[in-house]
Protein chains: 4
Amino acid sequence: MSFNTFGHLFRVTTFGESHGPAIGCVVDGCPPRIALSEADIQPYLDRRRPGQSRFTTQRQEPDAVRILSGVFTDAATGQQVTTGTPIALVIDNVDPRGKDYAEIADKYRPGHADYTYDIKYGLRDYRGGGRQSARETAMRVAAGAIARKIVPGMSVRGALIQMGPHRIDRARWDWAEVERNPFFCPDADKAAFFADYLDGVRKGGSSIGAIIEIVAEGVPAGLGAPIYGKLDADLAGALMSINAVKGVEIGAGFAAAELSGEANADEMRMGNDGRPRFLANNAGGILGGISTGQPVVARFGVKPTSSIPTSRRTVDRYGRETEISTTGRHDPRVGIRAVPVGEAMVACVLADHYLRQRGQVGEPPDWPFSPPAR
Amino acid sequence: MSFNTFGHLFRVTTFGESHGPAIGCVVDGCPPRIALSEADIQPYLDRRRPGQSRFTTQRQEPDAVRILSGVFTDAATGQQVTTGTPIALVIDNVDPRGKDYAEIADKYRPGHADYTYDIKYGLRDYRGGGRQSARETAMRVAAGAIARKIVPGMSVRGALIQMGPHRIDRARWDWAEVERNPFFCPDADKAAFFADYLDGVRKGGSSIGAIIEIVAEGVPAGLGAPIYGKLDADLAGALMSINAVKGVEIGAGFAAAELSGEANADEMRMGNDGRPRFLANNAGGILGGISTGQPVVARFGVKPTSSIPTSRRTVDRYGRETEISTTGRHDPRVGIRAVPVGEAMVACVLADHYLRQRGQVGEPPDWPFSPPAR
Amino acid sequence: MSFNTFGHLFRVTTFGESHGPAIGCVVDGCPPRIALSEADIQPYLDRRRPGQSRFTTQRQEPDAVRILSGVFTDAATGQQVTTGTPIALVIDNVDPRGKDYAEIADKYRPGHADYTYDIKYGLRDYRGGGRQSARETAMRVAAGAIARKIVPGMSVRGALIQMGPHRIDRARWDWAEVERNPFFCPDADKAAFFADYLDGVRKGGSSIGAIIEIVAEGVPAGLGAPIYGKLDADLAGALMSINAVKGVEIGAGFAAAELSGEANADEMRMGNDGRPRFLANNAGGILGGISTGQPVVARFGVKPTSSIPTSRRTVDRYGRETEISTTGRHDPRVGIRAVPVGEAMVACVLADHYLRQRGQVGEPPDWPFSPPAR
Amino acid sequence: MSFNTFGHLFRVTTFGESHGPAIGCVVDGCPPRIALSEADIQPYLDRRRPGQSRFTTQRQEPDAVRILSGVFTDAATGQQVTTGTPIALVIDNVDPRGKDYAEIADKYRPGHADYTYDIKYGLRDYRGGGRQSARETAMRVAAGAIARKIVPGMSVRGALIQMGPHRIDRARWDWAEVERNPFFCPDADKAAFFADYLDGVRKGGSSIGAIIEIVAEGVPAGLGAPIYGKLDADLAGALMSINAVKGVEIGAGFAAAELSGEANADEMRMGNDGRPRFLANNAGGILGGISTGQPVVARFGVKPTSSIPTSRRTVDRYGRETEISTTGRHDPRVGIRAVPVGEAMVACVLADHYLRQRGQVGEPPDWPFSPPAR
């Protein structure tokens, strides 16, 4: 993982700013002969797209993805498939509204990367956040749509499980509900509550944080690697790389710190399918950095949006003390859209490790092993 | 970050198992002409070394490090310095006690990586955990000792702030106290409590989790990179790669999810030194993946040790249901030693980003900028 | 170096096929605040562009490059500069003539990668060579134009020095002449000869190979690294990665095998500028993988174009023996365009090592050193 | 490929100087369950070992390799196999004779990296060449011995084919002869000639260059990748990274520049085994960067040893003009030992690409394909 490229064998490089002509990515290392067209990617982008409810940014972007390379339509089958060479995707920016960014150009918004970009590079593209913009995450979602096709039988889903101090009731978890409300919330009651709650936050000129959970099912056992290639280490890096994320946990996560050893360690029995069956999943599907075959469960915390109407003290790039309040469509009041982005990052990590495992080990061993003859 | 190598310009590769002849690492990319001898590394290893109190594993390992390469004594100065070429470090294993590992060899310990190694590789070195062993982390500490010398003026310190459900009183935080108790606990009262508490845990045949905080001071502003090279993303990956860690957070972390935008975003004023002064540090010293110049604050949760005397249900590698209880010196009851390891990982990440920043940007820009002439 | 990405700190990822909608690249790791617009890149593309003489492919491509990201126009100066974030470049394909590729689709052209792509991936985009197409090299030239701006005072120039068995007279070397003939040949007499010679080759339905030399001047001493990061190793990989290249050499190259030790090793004296002066440059500016400060000289051999009208025996993808002859505009008869591509690759390697050296070592040491006091 | 690490999935990191306590390497990414003991590695080291004839350096090093990690003896089979975790190898330095290096310490040997190390790092370990020493290549040979076990059915052999201006007669090529003379020369007559010739070179206080050819048989078709992951690009980088190598070529190499298209492109027929049969191998087994299934043939040129008794003009590190002549055992007069080193590098590249191909593509497609139904 380095700079603007993510992954080892399944590698994603993204580019583009909020107000340039386009954003895009290059997906390198995808296996050949996987059916792929824009129609496989667009639905995931549509889920992430802004402007779909009053709770996200009002920027209007169709986010129509185009595949520029890496696919080929086999004349024999008429099907468009990957060639094994780089898949380039682009989305044109069509609504970089001509706002006056003069205020943002000179002043640093508290909680934003304005200052750190300026002190690092000696300049920054301040239009719409430039490279800081959450718009970059659209390309992660696009890459994730490809990643999902690589691991046979794998599904990756996400849900918002907490907004501000309000946590869902896990007994009410319904994956179908996630697609029915603008919050990707699996608890219908809490989703209704969140609509009112968030209206209040907005009226107060404020914003609020959230916690999101990603669950990957159908992950083969054996993905990951010891030490610095741990599956959970790569997931942690991947999720922490999403804008505004300040915490990541796997399985029981920080709560494991409060557990006793016998409560935390998931016991094992034999399943009917001849594979081990775990009696719990505090491990979140990962032990020693390697997948167990249970669902991989990751959670991340998103800080509240920093661009808010409430006036805040700050300084400008000329070293002068001042105040700032941000108005306009630019930012949502809560990181709802991190749900599809989190799914995508988890899918990319798992696809990468799937290929890495196949590279190093080839076919997984038959399990259980035969007892040695006595 | 891949497999057994960590870092981009400051690269650490570790090797070795618990019961092989030695463990070691290769540190590549270290700048030349940095004073370095075993005496710079050994004190950090001594802090991590097992067997120093009744609360850690009773294995007796002097952990004496030897530098095999990458240093040279300049005849003119008589000082031993780095040459800029790979620094290899080794520690011989002197106490791989001849225990019978027959039980562990066939049975999977719940909460351990026994099963995942077996299903991934089709075999594993079960002696003392093999490559899973926490012994590998000694080499991280050694590499961290070198990393500390790379960023001028930086200090990296860590502390245990929670054990089981018991959190320290931050008002009592005293860094000097950290070196005075076996828990690296900055709250003297809580340290005394922890000694009794942990005795109870041990008598109950159990173990308990912990939360650890690392603080890096003197980190220059501008380290890190947007998108996949974010400083916090690399920290998250680095800390999650430590054995038994299940959660990582930066600054306010998961608590930021419950904050309002105005409470979370750290306001800025001008400091007396002509640099911005932040009025809080919810960001944990990182905005947009780039350091702000404030202390970098990272926290991670360690699950309770899985090797406990309490009997647990499991299966063996031949698919047979069975039970297991682990006795002996092998594991501590709490991840105390993760404190120096966490410090080392943070130091390595910061050293790497320091070199990366110098590579891409060279000298940082003068700040504040001059206002444009009107 | 891996797959479609090249470089370590200065990283270039290319994408696109000959007959897709566009080709492009992402240049990551470029330092910020370097003046950059399309006008800095286009002239280099124009030098490489096909269809400029009867000696190259007759495909008509304006090869107009667009910058999609990574630049920003500072309001204060009005100058467009790099931001330090990824620079994406695209060139639309405007002349993917609707040829019938049915013959190429099934038959393998001898000397082409048709068979190896098919056996590797199980399919290939056969239109215009797909990803094999020399068209990909346009993006290397574009990236090279950026690389040239990174190392202060560096110039990288190339020339064709041999066509078939005919080598130029080095005594007639005139860099200005390189820009005056379609062969990038520095020997005016030989260039005139080559025009006739190549007409003969073409009339005979054949093609011919060539040797090209790249010279980089103004390369600071100290770039490169021991062992696997040797400057010449990276140059060799970079140049061998150009289509049709079968050999690479540095300085005296293979001829050094015939030299005695005293004839080969370049003696040193002190120059008037207080730096060492080498009395020859058999080393090609590189010793031990590290630049000496002399011009870096690399040479590479290009095999003759494989797409020729002369009929050749081959097989098809269904295992049937057949014959093939290639007609049409597709390929030139000699690898003239490898000259600007070779320049670009050398520029990219040098820019990458310049940043790597700055990262690891920072400011180079003052030389000469002070003698120790006695 | 970067710094002291080589490879992508099969990764080799070497360390150590000529006069430190030891040299070593870490081989990461090796598949598990491959039989491996010191006895698999030592024979290759013995072939490379100095002091075996009067034509190599007279340093006496047993070069006894020890495996420190990454293997495990399965109780069931009693066989020691790889675990899939890092394999660390070390060789102790036992003959770092106490020579006075004062002269080398201050003066730069022409043709050596003395000056470039000094100007890069501001110091160097001058004892025996430090990290520049050819001793590092022992670890490449050791890693190569492991690489050889990864690709089923592959053999990699090398031979010296030219010394000074004297080239072998390829009609006399006998692989068995390579093991019978100190020059790894496949032409018995020429080997006898070389013994006398080299005695003359030595008596003249001089040295001479050589050309070496490596042939890998049993390489599966489909290894390699387009663009920057070309198999020949990685081979070129790998071979150019060997000390004193100044040129690399694949198949017909530079001679291809003199060939016509129809002479160069290897025609194809169907073989009796149902695979394509090439009627020549000018491609050296690689087309478009991907292996064809033919033998992979690479050649490299080694410059003459720079450490010779003949006096040469140079400067010292204090900027003073002086002369130098090198006497003693330190260097051979010709790069004979580059033969086993070249074999090892080719084996490492092929093993790496074998794993990469398995990772991205999995099982190769069945060839020939079925013709589409009409």
Side-chain angles (χ1 to χ4, degrees), chain A residues 1-4 6 8 110-111 113 116 119-120 122 131-132 165 206-207 209 211 221-222 225-230 232-233 236-237 240-241 246-247 249-250 253-254 256-258 260-262 264-265 267-268 276 287-288 290 301 303-304 306 308 310 313-315 317-319 365 368-369 371, chain B residues 1-4 6 8 110-111 113 116 119-120 122 131-132 165 206-207 209 211 221-222 225-230 232-233 236-237 240-241 246-247 249-250 253-254 256-258 260-262 264-265 267-268 276 287-288 290 301 303-304 306 308 310 313-315 317-319 365 368-369 371:
Chain A
M1 187 192 302
S2 86
F3 303 104
N4 296 277
F6 175 76
H8 203 77
T116 54
I119 200 70
K120 179 181 185 72
R131 186 69 178 147
Q132 307 168 40
S206 186
S207 61
I211 296 180
I227 316 302
Y228 308 119
K230 284 192 167 87
D232 36 0
M240 193 67 94
S241 79
K246 300 302 282 186
E249 56 184 17
I250 305 294
F254 278 98
E258 307 196 6
S260 69
E262 62 273 23
N264 178 68
E267 291 182 297
M268 300 170 82
L287 285 172
I290 300 170
K303 70 178 184 182
S306 307
I308 50 176
T310 300
R313 288 172 289 174
T314 192
V315 302
R317 65 198 312 255
Y318 311 118
F369 302 104
Chain B
M1 189 192 302
S2 86
F3 302 104
N4 296 278
F6 175 76
H8 204 78
T116 56
I119 200 70
K120 179 181 186 73
R131 188 67 179 149
Q132 307 168 40
S206 187
S207 60
I211 297 180
I227 317 303
Y228 308 119
K230 285 192 167 87
D232 36 1
M240 194 67 95
S241 79
K246 299 302 282 186
E249 56 184 16
I250 304 294
F254 278 97
E258 308 196 5
S260 68
E262 62 273 22
N264 178 68
E267 292 182 296
M268 299 168 83
L287 286 172
I290 300 169
K303 70 178 185 184
S306 307
I308 50 175
T310 299
R313 287 173 290 175
T314 192
V315 302
R317 67 197 312 253
Y318 310 118
F369 303 104

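Given the structure is predicted, the values throughout are model-derived calculations rather than measurements. Each chain gets a letter, A, B and so on, in the order its sequence line appears, and its residues count up from 1.
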Counting heavy-atom pairs under 4.5 Å to chain A, which of [options] comes out on top?
| options | answer |
| --- | --- |
| A225(B), G288(B), G247(B), A221(B) | G247(B) |
| G301(B), S306(B), A256(B) | A256(B) |
| Q132(B), R131(B), K246(B) | K246(B) |
| R313(B), K303(B), M240(B) | R313(B) |

For this session: Report the residues that fulfil side chain to side chain contact (heavy atoms under 4.5 Å, CB included) with E262(B), sequence neighbours left out, ordered by chain and then residue number.
Result: S206(A), I308(A), T310(A), R312(A), S260(B)

For this session: Can you sort out the partners of P365(A) under side chain to side chain contact (heavy atoms under 4.5 Å, CB included), two or more places apart, ordered by chain and number?
Result: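 Partners of P365(A) under the side chain to side chain contact (heavy atoms under 4.5 Å, CB included) test: F369(A), R33(D).
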
Minimum heavy-atom separation for [X] to [Y], with atom names?
| X | Y | value |
| --- | --- | --- |
| A257(B) | I211(A) | CB-CG1, 3.7 Å |
| A265(B) | P110(A) | CB-O, 3.5 Å |
| T116(B) | L287(A) | OG1-O, 2.9 Å |

Exercise. Parallel, tilted or perpendicular for F3(A) and H8(B), by the 30°/60° rule?
Worked result: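 Aromatic pair F3(A)/H8(B) classed perpendicular.
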
Exercise. Parallel, tilted or perpendicular: which describes the rings of F254(A) and F254(B), with under 30° parallel and over 60° perpendicular?
Worked result: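 The arrangement is perpendicular - the two ring planes meet at more than 60°.
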
For this session: Quick one: which of P304(A), P165(A), G253(A), P368(A) has the most heavy-atom pairs under 4.5 Å with chain B, could you say?
Result: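 Of P304(A), P165(A), G253(A), P368(A), P304(A) has the most heavy-atom pairs under 4.5 Å with chain B.
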
